[in-house]
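Everything on this sheet refers to the single structure shown next.
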Protein chains: 2
Amino acid sequence: MPNQNGTGPRWMHGQIKCCGYRMTKPREAILDVLANTQNHLSAEDIYMAVHKFYPNIGLTTVYRNLEVLVNIGMVVKFEFGEGKSKYELSDEYSSKGHHHHLVCKECYTVIDYSDFMKDEVSFLKSTENGLSEKYKFNITDHLIQFFGVCEKCTNK
Amino acid sequence: MPNQNGTGPRWMHGQIKCCGYRMTKPREAILDVLANTQNHLSAEDIYMAVHKFYPNIGLTTVYRNLEVLVNIGMVVKFEFGEGKSKYELSDEYSSKGHHHHLVCKECYTVIDYSDFMKDEVSFLKSTENGLSEKYKFNITDHLIQFFGVCEKCTNK
DNA sequence: CTCCTATTGGTAATGGTTGTCATTATCAAT
DNA sequence: ATTGATAATGACAACCATTACCAATAGGAG
C-alpha cells in the first residue's frame, strides 16, 4: 500500500507521470485530501480542504484535476442524487478496498459496505460477460447502489 | 395493461387522483409522451414533445410535474452521467417491464436489458435484506447500471 | 354554479460545472 | 543548472439544468 500522508514519499507520482501528466501541487493536494478522508467529497469540499493549506488554488483547478484523475482511473466520480458529484479514490489507491454504496434519500448520508461482496462479484462477473456478448458492449464499470432511509431520518 | 394512447380512456387518472392531485392537461400530456416512447427522455425532450401539441405548456411545468410523478411512483428518474436527468414510466405503468440499464460512456446510448433478471432479483433481495438489518436502513430502491463503450463508439 | 386552492406560465435566480486566456510552472533535453 | 516547449494554473465569465417566485388560471367537490 502506498504511503498516503502528504509529507512522505510521493506515492502517486508514478501513475500521473506514466499517463503523460505532470505532478503539480494542486494535483498532490487533491490526492492527499482524498486519501485522508473516509467521506465522499464534492468538488467544493475538496476545494475547501485544499484551500486551508494552499489558499491560492482555485475551484476551477480542482474540477480540472478531478477530471484528469478520473480519466486515468485514480479517482471515481459518483452521483447520489444530490445534484452534485462526489469523488473517491479508486479501489487500488484507497485503503477502503472494493465496496458499494447505501444511500439515504433524505440526508444523503452514504454508507460504504463490503459485505456480500463474494456473491456480488461472481454475480456481476457473469452478468457482465453475458451482456458484453449479447449487446457487443465493451463493459468497463458497474454501479450498484441501494437507496433508502437511514436510521436517523426514520426517527425524525 | 392500461390504455396508453392519448385519445382513449384516461388510464392514469386513478393513481393521480388517489394521491390528492388533480388531473391536468400538462400532466396527461407528459404521461402520454412517456408512454409512447422507448427512449429515456430528459425534461427538455419531454417539453419539446409536449410542445408540439400544447405550445403553451412551459418547461417549468414539465419539471414540476415530473417531480410529482416521481413522488407518487409513476415515473422514475435516472442519472446516466450526462449531466441531466432522464425519465421513464415506472415498471407497473410501462410496457417495458422490469429492466436494468447498460450505458455507453461516450454517446450515452442506453440499452434496457432484462436478461439475467432472475439471478439479479434473487441476489438483490438477499443483499437488501442483509443490508437493511445490518445498517438499520429502510431500503426502498436499488440501482444497477453497467457502463462501457457501445459497438458503434468502439469502431469510431 | 361557486369557491377554494392546486396548478400554471413566464421570468428571474440559483448553483454546479465548464470555457477562456493571459500567466506560471513542470520537466526533458541540453 | 539552464532553457524551452507546453502542460497547468487562476480569475472570471459563461453555461445550462433545475428551482423559486408570483400573479393569473383552472380543476373539481359541494
Atom-pair distance ([atom1] on [X]; [atom2] on [N]), nearest Å:
{"X": "B:Tyr63", "N": "C:dG10", "atom1": "OH", "atom2": "P", "result": "16 Å"}
{"X": "B:Glu82", "N": "D:dA17", "atom1": "CD", "atom2": "P", "result": "10 Å"}
{"X": "B:Arg27", "N": "C:dG9", "atom1": "CZ", "atom2": "P", "result": "11 Å"}
{"X": "B:Leu59", "N": "C:dT14", "atom1": "CG", "atom2": "C1'", "result": "15 Å"}

### Message
Quick check for you: to the nearest 0.5 Å, what is the distance between B:Gln15 atom CD and B:Met23 atom CE?
### Response
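With rounding to 0.5 Å, CD (B:Gln15) is 11.5 Å from CE (B:Met23).
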### Message
For the CG atom of B:Leu41 and the NZ atom of B:Lys86, what is their distance to the nearest 0.5 Å?
### Response
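Nearest 0.5 Å value for the CG-NZ distance: 7.5 Å.
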Between [X] and [Y] (side chain of the first, backbone of the second, donor and acceptor by atom type, cut-off under 3.5 Å), is there such a pair?
{"X": "A:Asp45", "Y": "A:Ser42", "answer": "yes"}
{"X": "A:Ser132", "Y": "A:Asn138", "answer": "no"}
{"X": "A:Tyr87", "Y": "A:Ala43", "answer": "no"}
{"X": "B:Ser90", "Y": "B:Gly73", "answer": "yes"}

### Message
Both B:Thr60 and B:Gly83 contact DNA chain D. Taking the nearest nucleotide for each, which residue is further toward the 5' end?
### Response
B:Gly83
### Task
Run the ring-centre check on B:Phe78 versus B:His101 and record whether the distance is less than 6.0 Å.
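Yes, close enough.
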#### Entry: Heavy-atom pair with the smallest gap, counting every atom of B:Phe123 and A:Ile144
CE2-CD1, 4.4 Å
### Task
Let me see the working for A:Leu131 and A:Phe137 under side-chain contact (heavy atoms from CB on, under 4.5 Å), right down to the final yes or no.
CA-CA 7 Å; A:Leu131 289 173; A:Phe137 246 72; over 6 Å; no
#### Entry: Near-strand residues of residues 38-58 of chain A, defined as heavy-atom separation under 4.0 angstrom from DNA chain C
none
### Message
Under 4.0 Å, heavy atom to any atom of DNA chain C: which of residues 64-79 of chain A qualify?
### Response
A:Arg64
### Query
Does C:dG16 have OP1 or OP2 sitting under 4.0 Å from an N or O in the side chain of A:Ser85?
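A:Ser85 to C:dG16 OP1/OP2: no side-chain N or O under 4.0 Å.
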### Message
With a cut-off of less than 4.0 Å, is there a side-chain N or O of B:Thr61 near OP1 or OP2 of C:dT8?
### Response
no
### Message
Would you call the rings of A:Tyr113 and B:Tyr135 parallel, tilted or perpendicular, taking 30° and 60° as the class edges?
### Response
tilted
Nucleotide N/O of nucleotides 26-30 of chain C paired with protein N/O under 3.5 Å:
from   : atom 1 : to      : atom 2 : distance (Å)
C:dT26 : O2     : A:Arg22 : NE     : 3.3
C:dT26 : O2     : A:Arg22 : NH1    : 2.8
C:dT26 : O2     : A:Arg22 : NH2    : 3.2
C:dC27 : OP1    : A:Met23 : N      : 2.8

### Message
Tell me which one of B:Val76, B:Leu89, B:Ile16 satisfies side chain to side chain contact (heavy atoms under 4.5 Å, CB included) with B:Leu69.
### Response
B:Ile16
